[in-house]
Amino acid sequence: MNICVIGTGYVGLVTGAVFADLGNDVICVDKDTSKVNTLRRGKMPIFEPGLEEMVARNVEDARLWFTTDIGDGVRKSDVIFIAVGTPSAQNGESDLSAVVETAEGIARSMDRYKVIVNKSTVPVGTGDLVRDVIEQNKLRDVEFDIVSNPEFLREGSAIADTLYPDRIVIGAPNGNVAMRVVELYAPLERPMLITDVRSAEMIKYASNAFVATKVSFINAIANICEKAGADVLQVAKGMGCDTRIGPAFLGAGLGYGGSCLGKDISCLIHTADDLGYEFKLLKAVVDINAEQPGRFVGRMREILGGLEGKTIGILGLAFKPNTDDMRDARSIQVIGMLLAEGAHVKAYDPVASENARNILPQIEYSETAYDAADGVDALAIVTEWNEFKLLNLESLKERMARPILFDGRNIYDPQRMKKLGFDYYPIGRPRNARGCNGAGPAEAAPSQLVRKSALEKAA
Ligand code: NAD
């Protein structure tokens, strides 16, 4: 099939490459000339494991092209995917200007029937908006249909997520139109769910909101565990074994970040408000998430006796491992607070340092994790790259002025850290907790607490 993908970012580029790999002819369109030129030179504008090889293979086999000419892409294609950015506006509303601009561009170039598939994350009702924009701007009397096909890929595993999605959601006005899109995805042999357009749009927001709720929920539990002497890793493991709950997104830490969860949740809260429903649960999810970096820095302040003049090494800047994406990364909040309190910050990230320099120009960048540890008063793990799990911790400790490690992602075993001589501060775990596979509770249950309240009740 002839496909056009408009917007060649994380979603558009991966989608285009995968559809080409499945044997389709794909034209990827972006208005960013430098991005298109980079791609034409065979270079990737983003870091995503496996992407460069897949793009190169399909460009060489003449199934994948890059252009800034939306008209050319639209005219040569039967199915057009919209995968442009939908950032948050100041009030939390979704900024749909790129979607509208794309719809206008499609309208002006349509020469025959097209299926227009919206892959960008957009508020419920946007399918109708795109339809109206195209109706108002089309130059020829041609038919078209709008489909919603929300994307669930995660940066860092985008190719695998696109090849093996849990489900493919296709929101279409009728069965015939849905079948055009089903046909495209059929070679993947994955579960497909056909819905109306509005429900498909809502599925994306509801899914992201639920994931964020799990993250904030476990972080709230971690905060209680800290006070009660329980180990959140064991609690999460016990919860995750329950098939009603499942283990995903129960890792306590600094909270969620990235280009999607934060903005999608703000947008859903805003949409709900517009429709006359106050989404109190989701507002609390946002508040808990916003508090986590401050709690982390607060602990550093307390243990180090103030942050003024202290040197802190940060390991991990990207919003999550295996990506260079710095959008809404927790490192931005953590480092911002450290700098505001007069600390000197050195940082290392395996791939995101270049992007981070634009956002955090005031800090020192190190070439390795060991360099970032040189002479520091404390180290802080902010992104859980695998590389950090495999560090030689003895060598790391030797480079530090003081062996204090704040682990915002719970990647080390507290007992091992203690044996190595670290002063180790995980999140929601007692400092002498066993590894998460250890049998039995990490330390005595908070029996004093229970006893105190029982005695009070009896009195
Ligand atoms: P991105 O910012 O990486 O890429 C968007 C691209 O669209 C940019 O290259 C930009 O130049 C291009 N663009 C903007 N306006 C254009 C126009 N008028 N014509 C042509 N190109 C235009 O964004 P992304 O991360 O790929 O996200 C795209 C959409 O997918 C968003 O709605 C996002 O919420 C959603 N999404 C993202 C992810 C993710 O992990 N990044 C996952 C699922 C869904």
Side-chain angles (χ1 to χ4, degrees), residues 4-18 27-39 44-49 51 66-74 80-89 93-109 116-123 126-127 130 133 137 148-162 165-169 200-201 203-205 207-209 211-212 256-268 318-329 355:
C4 172
V5 181
I6 304 172
T8 311
Y10 287 89
V11 169
L13 184 53
V14 172
T15 302
V18 167
I27 304 180
C28 284
V29 179
D30 205 289
K31 68 173 187 179
D32 182 339
T33 312
S34 74
K35 197 175 254 190
V36 169
N37 287 340
T38 302
L39 285 160
M44 292 303 102
I46 51 168
F47 173 82
E48 189 58 47
L51 183 61
F66 299 101
T67 180
T68 51
D69 183 352
I70 188 169
D72 192 40
V74 170
I80 300 155
F81 283 85
I82 301 178
V84 296
T86 47
S88 240
E93 206 178 346
S94 201
D95 175 356
L96 295 175
S97 53
V99 172
V100 170
E101 192 186 341
T102 304
E104 289 166 352
I106 294 171
R108 284 193 287 268
S109 313
I116 296 150
V117 186
N118 194 9
K119 216 171 222 323
S120 296
T121 303
V122 290
T126 304
V130 170
V133 172
N137 289 277
S148 168
N149 169 222
E151 181 54 60
F152 299 95
L153 67 75
R154 296 158 300 171
E155 291 174 24
S157 54
I159 300 259
D161 289 346
T162 307
D166 292 339
R167 76 307 204 185
I168 296 158
V169 175
E201 290 168 340
I203 286 170
K204 172 65 189 178
Y205 279 102
S207 303
N208 273 7
V211 164
Y256 58 80
S259 66
C260 290
L261 285 188
K263 82 167 171 72
D264 292 351
I265 279 134
S266 301
C267 178
L268 182 52
F319 89 87
K320 66 178 204 168
N322 295 327
T323 180
D324 60 352
D325 196 341
M326 282 293 295
R327 290 179 284 185
D328 198 20
N355 286 344

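Counting convention: from 1, in listed order, for ligands and their atoms alike. The analysis underlying the following values was restricted to heavy atoms, covering all of them including side chains, and did not include hydrogens, waters or symmetry mates.
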Results of salt bridge (Lys or Arg N to Asp or Glu O under 4.0 Å) for R154 - residues two or more places apart only | D161
Test salt bridge (Lys or Arg N to Asp or Glu O under 4.0 Å) applied to K35 - qualifying residues, sequence neighbours left out = none
Given V36, D72, T67, the one that forms side-chain contact (heavy atoms from CB on, under 4.5 Å) with V29 = T67
What residue among V211, T86, N208 forms side-chain contact (heavy atoms from CB on, under 4.5 Å) with D264?
->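 Exactly one candidate clears the test, N208.
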Please tabulate protein-ligand N/O pairs under 3.5 Å for ligand 1, atom names and distances to 0.1 Å.
| unit_1 | atom_1 | unit_2 | atom_2 | d |
| --- | --- | --- | --- | --- |
| ligand 1 | 2 (O) | R327 | NH1 | 3.4 |
| ligand 1 | 3 (O) | Y10 | N | 3.3 |
| ligand 1 | 9 (O) | D30 | OD1 | 3.4 |
| ligand 1 | 9 (O) | D30 | OD2 | 2.6 |
| ligand 1 | 9 (O) | K35 | NZ | 2.6 |
| ligand 1 | 11 (O) | D30 | OD1 | 2.6 |
| ligand 1 | 21 (N) | K31 | N | 3.3 |
| ligand 1 | 25 (O) | R327 | NH2 | 3.2 |
| ligand 1 | 26 (O) | Y10 | N | 3.0 |
| ligand 1 | 26 (O) | V11 | N | 2.9 |
| ligand 1 | 32 (O) | T86 | OG1 | 2.5 |
| ligand 1 | 32 (O) | T121 | N | 2.9 |
| ligand 1 | 34 (O) | T121 | OG1 | 3.4 |
| ligand 1 | 34 (O) | K263 | NZ | 2.6 |
| ligand 1 | 40 (O) | E155 | OE2 | 3.4 |
| ligand 1 | 41 (N) | E155 | OE2 | 2.8 |

Report yes if some heavy atom in the side chain of L13 is under 4.5 Å from a heavy atom in the side chain of M44; otherwise report no.
->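 Sidechains of M44 and L13: in contact.
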How would you list, by chain and number, every residue that makes a side chain to side chain contact (heavy atoms under 4.5 Å, CB included) with S259, sequence neighbours excluded?
-> E155, D325, R327
